[in-house]
Amino acid sequence: MKILVLNCGSSSIKYALYDMSDKSVVTSGGIEKIGLDDSFITVKLNGEKYKTVTPVQEHTAGVKLIFKVLTEGEHAVLNDLHEIGAVGHRLVHGGERFSESVVITDEVMRDFAACNDLAPLHNPANIKGVNAVKELLPEVPQVGVFDTAFHQTMPDYAYMYAVPYELYEKYGVRRYGFHGTSHRYVSARVLEFLGIERAEGTKIITCHIGNGASIAAVKDGRVVDTSMGLTPLEGLIMGTRSGDIDAGAVTFIMDKEQLDTHGLSNLLNKQSGLAGVSGGFSDFRDILAQIAAGNDRARLAKEMYTYRIKKYIGEYAAAMGGVDIIVFTGGAGENQWEVREGATKGLEFLGVKMDVEKNHSCRATEMLLSADDSRVKVCCIPTDEELMIATDTQRLVGK
């Protein structure tokens with residue numbers, strides 16, 4: 001079976017075509033800047049990357065273009081669209097309605113649309129992608145894989161906010177968490193990597209560290225806490241997001257800067273984090289270059305960034321009554337030894353002892369980073385959310 005995985009954002013569509021006989025990627029790519037004059041599509045095939053500027057005004061046209069690229073022209077990999085056995089979608093916010101991946105039906109889409117208020121930028125775009133496939137390939141089954149689903153095992157005392165309970169009852173105001181597909185993949189994969197057969201009895205902290213970043217506490221294979229909240233803003237310091245901040249400081253800033261809610265959201269989501277502290281540098285590679293050039297604000301941003309990760313690791317070790325495995329994944333977590341070093345330095349009291357040479361040499365590969373005599377195993381496990389979506393799709397369609 002060949003499975004197409006789609007990730008529809010507000011102005012983009014990422015795709016990957018899998019051959020599930022060996023779980024290999026046949027081709028992948030994406031469309032950027034949908035609705036703008038300079039929109040373009042990229043195609044990755046046989047280790048090469050190709051880019052074509054072409055107008056794409058909306059998501060149905062974008063999906064049509066992807067289908068055309070798959071079947072026509074020099075980058076074609078299919079003779080006919082009906083070689084696609086199923087389509088798997090990344091769906092961002094499933095609220096409390098979805099705790100696992102599902103085959104998409106009209107009822108599922110109604111329930112998913114009811115969560116639009118919780119993710120007004122992402123969910124409507126996801127719906128456009130589902131509808132586009134339904135229009136173009138109505139007989140092909142579709143599966144939804146939710147960013148929030150893996151975190152639905154959190155106990156109520158972990159996901160509730162201490163605000164009037166009626167706000168939860170009326171609007172669903174609670175912590176949901178995100179990056180769930182990534183946390184699910186790496187928490188399972190690290191057990192395979194270490195040769196541990198059962199999740200029961202394990203205490204794992206998964207650190208998805210990229211431009212967006214989150215941490216999850218996974219006990220016995222089930223999430224008991226995670227750092228992101230009602231929205232992806234809560235938790236760690238990120239590329240442009242503030243992460244945790246005193247709500248009183250928020251209202252203070254609104255008053256002093258005369259911001260409305262849109263302006264405040266823009267400030268906390270797009271102007272803060274590493275960029276806000278360092279002076280505009282949101283990529284950790286640029287932060288390190290600025291530190292080397294003597295930028296002290298970049299040094300401060302780095303130390304704040306890794307300190308926040310370390311605090312959450314300590315919190316989640318306390319929440320689970322210990323930790324056996326710490327996993328780093330995501331762009332910075334997989335590639336930047338400085339992030340892993342800063343986040344684990346000083347955790348010797350928990351049983352963490354890093355192998356400096358292994359940590360410095362690791363770049364986006366599965367590797368044990370802790371010393372042989374470290375009680376806690378620290379690993380790098382590159383994430384593969386698309387493969388997780390394809391695997392769920394195959395499993396559900398097979399049923």
Exercise for the section: Would you check if the distance from the ring center of F284 to the ring center of Y305 is below 6.0 Å? Expected result: yes
Handout entry: Flag, side chain of S374 to backbone of G351, donor-acceptor distance under 3.5 Å
Key = yes
Handout entry: Student check: side-chain heavy atoms of V53 and S39 closer than 4.5 Å
Key = no
Exercise for the section: Decide if atom NZ of K358 counts as having more than 12 heavy atoms of other residues, nucleotides or ligands within a radius under 6.0 Å. Expected result: yes
Handout entry: Test item: E197 and E192 side chains (from C-beta on) under 4.5 Å apart, heavy atoms
Key = no
Handout entry: Student check: side-chain heavy atoms of N126 and R90 closer than 4.5 Å
Key = no
Practice task
Quick one: do R110 and E107 satisfy salt bridge (charged side-chain N to carboxylate O under 4.0 Å, His left out)? Show the steps, please.
Solution key: CA-CA 5 Å; R110 284 194 296 271; E107 181 181 2; 5.3 Å; no
Practice task
Check whether the ring centres of H151 and H179 lie less than 6.0 Å apart, and answer yes or no.
Solution key: no
Problem - Between D80 and H82: side-chain donor-acceptor atoms closer than 3.5 Å - result: yes
Problem - Short side-chain to backbone donor-acceptor contact, T251 and G248, under 3.5 Å - result: yes
Problem - Residue Y50 excluded, over 12 heavy atoms near OH under 6.0 Å - result: yes
Completion exercise
Y171 and L118 have their tightest heavy-atom pair at O-CD2, 4.2 Å
Practice task
Inspect the surroundings of CG in N46 and state if more than 12 heavy atoms from other residues, nucleotides or ligands are less than 6.0 Å away.
Solution key: no
Donor-acceptor pairs under 3.5 Å, side chain of residues 127-136 to any protein atom, not counting sequence neighbours: which ones?
from	atom 1	to	atom 2	distance (Å)
N131	ND2	I127	O	3.4
K134	NZ	D106	OD1	3.0

Exercise for the section: Evaluate the side-chain proximity of V43 to Y15: yes if any heavy-atom separation is below 4.5 Å, no if none is. Expected result: yes
Handout entry: Exercise: do H89 and T393 side chains pair donor with acceptor under 3.5 Å
Key = no
Problem - CA sep, side-chain torsions, deciding dist, call: K44, E48, salt bridge (charged side-chain N to carboxylate O under 4.0 Å, His left out) - result: CA-CA 6 Å; K44 297 178 184 177; E48 300 291 332; over 6 Å; no
Exercise for the section: Please examine the side chains of M238 and M228, heavy atoms only from C-beta on, and report whether any two atoms are closer than 4.5 Å. Expected result: yes
Handout entry: Worked check of salt bridge (charged side-chain N to carboxylate O under 4.0 Å, His left out) between K203 and D324
Key = CA-CA 5 Å; K203 300 170 182 175; D324 304 313; over 6 Å; no
Handout entry: Nearest heavy-atom neighbours spanning M354 and T344
Key = CG-OG1, 3.5 Å
Exercise for the section: In plain terms, say whether R184 and D392 are close enough for a salt bridge, that is, a side-chain N and a carboxylate O under 4.0 Å apart. Expected result: yes
Exercise for the section: Return yes if some donor-acceptor pair links the side-chain N/O of S282 with the main-chain N/O of L274 below 3.5 Å, else return no. Expected result: no
Problem - N335-R363 side chain donor-acceptor pair, cut-off 3.5 Å - result: no
Problem - Charged tip of R174 within 45° of Y176 ring normal and under 6.0 Å - result: yes
Practice task
Report yes if the side chains of T329 and I209 come closer than 4.5 Å at any heavy-atom pair, otherwise no.
Solution key: no
Handout entry: Sub-6.0 Å ring centroid separation between H93 and F112
Key = no
Practice task
Start with the C-alpha gap between R222 and D220, add the side-chain angles, then the distance that decides, and say whether salt bridge (charged side-chain N to carboxylate O under 4.0 Å, His left out) holds.
Solution key: CA-CA 6 Å; R222 295 162 60 87; D220 301 321; over 6 Å; no
Problem - Student check: side-chain heavy atoms of V190 and V186 closer than 4.5 Å - result: no
Practice task
Would you indicate whether the side-chain heavy atoms of S361 and M367 approach each other to under 4.5 Å?
Solution key: yes
